[in-house]
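Below you'll find the structure I mean.
As the structure is a computational prediction, the values presented were derived from the model and not from experiment. We name chains A, B, ... by the order of the sequence lines, and we start the count at 1 in each one.
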Amino acid sequence: MGRADYDHREIERFWQKNWQSREAYKVSEDPGKPKYYVLDMFPYPSGAGLHVGHPLGYIASDIVSRYKRARGFNVLHPMGFDAFGLPAEQYAIQTGKHPAETTSENILRYRQQLDRIGFAYDWSREVRTCEPAYYKWTQWIFGRFFTHWYNLRANRAEHIDNLIAIFENEGNVNVSHHGPETAKFTASEWLDYDKTQKELILQNYRLAYLAETTVNWCEALGTVLANEEVKDGLSERGGHPVVKKTMRQWFLRITAYADRLLEGLEKIDWSESIKEIQRNWIGRSSGASIHFRILNSDAQIEVFTTRPDTLFGSTFMVIAPEHELIPEIVSEAQRIEVETYVQQALNKTERERMSEVKQVSGVFSGAYCLHPFTGDNLPVYIADYVLGGYGTGAIMAVPAHDSRDHAFARHFGLPIVQVVDDPAIKDVQTESFDSKEGTMINSDFLNGLHVSNAIDQMIKELGRRNIGEGRVNYKLRDAGFGRQRYWGEPFPIIYQNGTPTLIPSSELPVRLPDVQSYKPTGSGASPLASAHDWVHTPSGERETDTMPGWAGSSWYFLRYMDPQNRSSIADPDKIIYWGQVDLYMGGAEHATGHLLYARFWTKFLFDTGILPFDEPFAKLINQGMIQGVIENICLRKEKLNGSNYFKSYELIRRDGEEDLYTKLPVSISIVQDYGKDSSYIDKLGILKFIEERPDFSDAIFETVAGTFNRLQIAELQDNSNFRLETRSETGKMSKRWGNVVNPDDVCEDYGADALRLYEMFLGPLEDSKPWNTHGIDGVYRFLRKLWKHVIDANGDAQISEAQPGKEALKSLHKCIRKITEDIEKYSFNTAVSTFMICLNELIELKCRDREILEQFILLLAPFAPHISEELWSRMGHQNSVLDESWPEFNEQYLTEDSKVYPISINGKTRAQMEFPLDTTPDEIEKAVLAHETVLKWLDGKQPRKVIVVPGRIVNVVI
RNA sequence: GCCCGGAUGGUGGAAUCGGUAGACACGCAGGACUUAAAAUCCUGUGGCCAUUGAGGCCGUGUGGGUUCAAGUCCCACUCCGGGUACCA
């Protein structure tokens, strides 16, 4: 029949080839079956390959997809590659190698690694975002954004042609759009505008538009970055400094969808934490906008405030350093000082700005504005605690009720006027009271009102006096969509005399040209600008920016439905059939990037009639991170007699010298028993270490066996005589710590099935947890035990055809119920335990009944598909476990007729007694009170109370 | 600072509705098999005090509360992880 021992290498190789050759995972639309769409966040194929942390989510989703298939669903479970991006391009800059080449090499390696784990992907549907056949459609969607505007009346995107028709008929007076305020014009005025003027106006409406704005400029990468690509003032990729810079850029008007993106969160099954991150990122806050007139000027400054109720407490105004009115309002006396301050503020890197957050800085502009109610003159300050990019870039400062304004007022000696009273207030001169509690005082017509009522009253009054109105504001900014980089989608845009024109879809894709150098030009133009013949076309000059990494990933889930389609992004019937992604698995780090943009694009494609749904991912699960073990050797902080001095960790612990030593991470490849408490470096390991770190060739090593220098170690006869214990800690798995565990190695040593089981067994899917290769022994033993239980010494299945006994059926059906429930709630770690428990029971029962073992194998198949196929086939089946349906749970095998009751005294279990399930509580009580242990505890007294919960517990209160 | 999570043996973790805390594994200790090792199998394994037919006390981050009964519910706090940051 085959080998008698469990040879995972041969078995896994065989079945992987088998699945591939008969296209076992290929799916097509089947109206006769319900569909289920399981999607993994596709990886960026980096040069480092996969480590054991990456497949965690893939394994979980693979289990679900195999399970759903067994339950009769037509399962779409594809995989592809997010293939445009910075690392391949940075590598190209260093080596001159075309990023396409690097990328396809990396993809090949990823593919091999993934295949080895035995995933049920339909690879015929693979997509790569960097391929022209794919990015043609990314460009096409960009074209849709370009040719649409957001109609606030209809609350949806509409075609720009409809808007132009309105302009031609009645101008823009009745148009309400999402975008910057636009001067009113009539139909005849519109018709008189030339092409350039018309386009300039349309840019205010288009959902993809060009704008001159402050952007995050990263000098080292030579590109603009989106807000979410900047972390702590440094670029997410590479950690380079980022500064604010004004540039002309493509933007997508995601802000038009802010409210719908917020509301949409209510109807999707995502973790509360991701939803919360998105809510915060969108940052909706409602308040009022108020216009302030400037003394001796026609200028007006508009502020946004969430606390219009405190208007009477406003004692000054603050505007952002980048505010456009500064040159107009600044007094001659203050001009020099203001210009200096503004220059300083604008030149700060994000990092500097953030580190100075708690320092109060600002400058008086010399201008005053008029309080709209009292007519008081309020000084106008310029300070960088007011952000140009939020609200109107100007605030009315209310120092009594805003801590930032309070700090500013204290610093500049400005008056602090209390307008809200509340018992919790001590003294607003020393500390502001920011809470929205309390009653209005010193506020004219608002006096006596509660804060919330006062806000409403004030908004009404502002409207009546025509100096302000209720306003909703968002933190969310329009998404910068241009990158000055090579390795991305080119824009389907040609400039004709500076006017952007969309290239017709029949001419797509606009392919990336070959260039001499991938280096940023330094002038802020992309490397594409140097492709002279490509840029200059008969009809104009091409846009040379490329799209950001998230462009291709915002819609890739659609392309899987119909990946080869040449005439549309996907066939409408296929879109209707497959619909939303039912289960989306991926990391939480994309909360404000990919996961928000994909929702935005989906809503837009819904508006334009391409999709019948407006949320892409019905359910989202964020798998946790798998951490590695970092192995350190302990180096004495101060040299001893001029030499570096290492000491075995066990000795440091013994001597309590932890403080004297620092940790030096070493590659786990030279550590013995890595991951264990007692992990150590032997003679050969330490010699290898010294070889790699010649700076430590003079070092001294103190171990239990003695103290050695390099030469003495080399002379040791026996490798085991030297033992330098390491200090282990948990941390990120990365090249830097030399602690990356490659799934290929695990598959080689233990097999893909063991890897799959072990990753699931480690703990709850969504939690972060440390990887410890030694723990895999547990699941590996389980697989071998299963093998030995089914396969005899000749390699044949040793199966009984007899009717299974009651105990075996009970064990199996407990297992069926638990596994089914656990998969449904994504509790895979407990599922693996359940398999172990069930197998232990079956071995105990010596159960080899076909009916029991076959069903057990079918349950196991989604988790460990290779061994399941092998055992299934050795049990005499010609077909695959993939085509079998999920075992049915039958309650009747679990029904008991008695229950072992825990008998507790004052809530602590002291004894056990078995009663038939139909015993009445009275009978139980009587029997319990006669029990030896209970009598002992009662010690002759009467129990105060006896609680009998039928079928559960008995508690005797003494 | 603010917003979310979380804290259970030496380790990863389990415990459905408030009802036998520590399932299942790892590790460790002892034993069987073996010339030996590996593999496999068996036994034990929360702590403390006892024990040889004896059991008891403590125990789910800390302190309080509700309850016949709390890892689970309520209040206060400590620590750890993640997100976010002058957002008016």
Name all residues meeting the ring-ring contact (aromatic ring centres under 6.0 Å, His included) criterion together with A/H789; count only those two or more places apart in sequence or in a different chain, and write none if there are none.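 In terms of ring-ring contact (aromatic ring centres under 6.0 Å, His included), with neighbours along the sequence ignored, A/H789 is linked to no residue.
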May I ask you to evaluate whether A/R784 reaches the phosphate of B/A39, defined as a side-chain N or O under 4.0 Å from OP1 or OP2? no
Tell me, what's RNA chain B's dot-bracket, Watson-Crick or G-U with both distances under 3.5 Å, | for other-strand, [ ] crossing? (((((((..(((......[....)))((((((.......))))))((((.....))))..(((((..]....))))))))))))....
Below 6.0 angstrom between ring centroids: does that apply to A/Y758 and A/Y750? no
B/C68, OP1 or OP2 - any side-chain N/O from A/K945 closer than 4.0 Å?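 Yes, A/K945 has a side-chain N/O under 4.0 Å of OP1/OP2 on B/C68.
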Contact string for nucleotides 15-21 of chain B, one letter per nucleotide 5' to 3', B = base within protein heavy-atom range under 4.0 Å, S = sugar-phosphate only, - = neither, reads --B-BBS
Among residues 379-388 of chain A, which contact RNA chain B at a heavy-atom distance under 4.0 Å? A/D384, A/Y385, A/V386, A/L387
Syn or anti: how is B/C48 classified when any glycosidic angle within 90° of 0 counts as syn? anti
Can you sort out which residues in residues 389-402 of chain A have a heavy atom within less than 4.0 Å of RNA chain B? Ascending by number, please.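 The answer is A/Y390, A/I395.
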Contact class for A/W771 (heavy atom, under 4.0 Å): base, sugar-phosphate, or nothing?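 Counting heavy atoms under 4.0 Å across all strands, no contact is made by A/W771.
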OP1 or OP2 of B/C24 less than 4.0 angstrom from a side-chain nitrogen or oxygen of A/R781, does that happen here?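 The answer is no; no side-chain N or O of A/R781 sits under 4.0 Å from OP1 or OP2.
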Ignoring backbone atoms, establish whether A/N280 has a side-chain N or O less than 4.0 Å from OP1 or OP2 of B/C4. no
Would one find a side-chain N or O of A/K275 under 4.0 angstrom from OP1 or OP2 of B/G5?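 Looking at the OP1 and OP2 atoms of B/G5, neither is under 4.0 Å from any side-chain N or O of A/K275.
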Which residues share a side-chain hydrogen bond (donor to acceptor under 3.5 Å, both in side chains) with A/E469, sequence neighbours left out: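 Here no residue qualifies.
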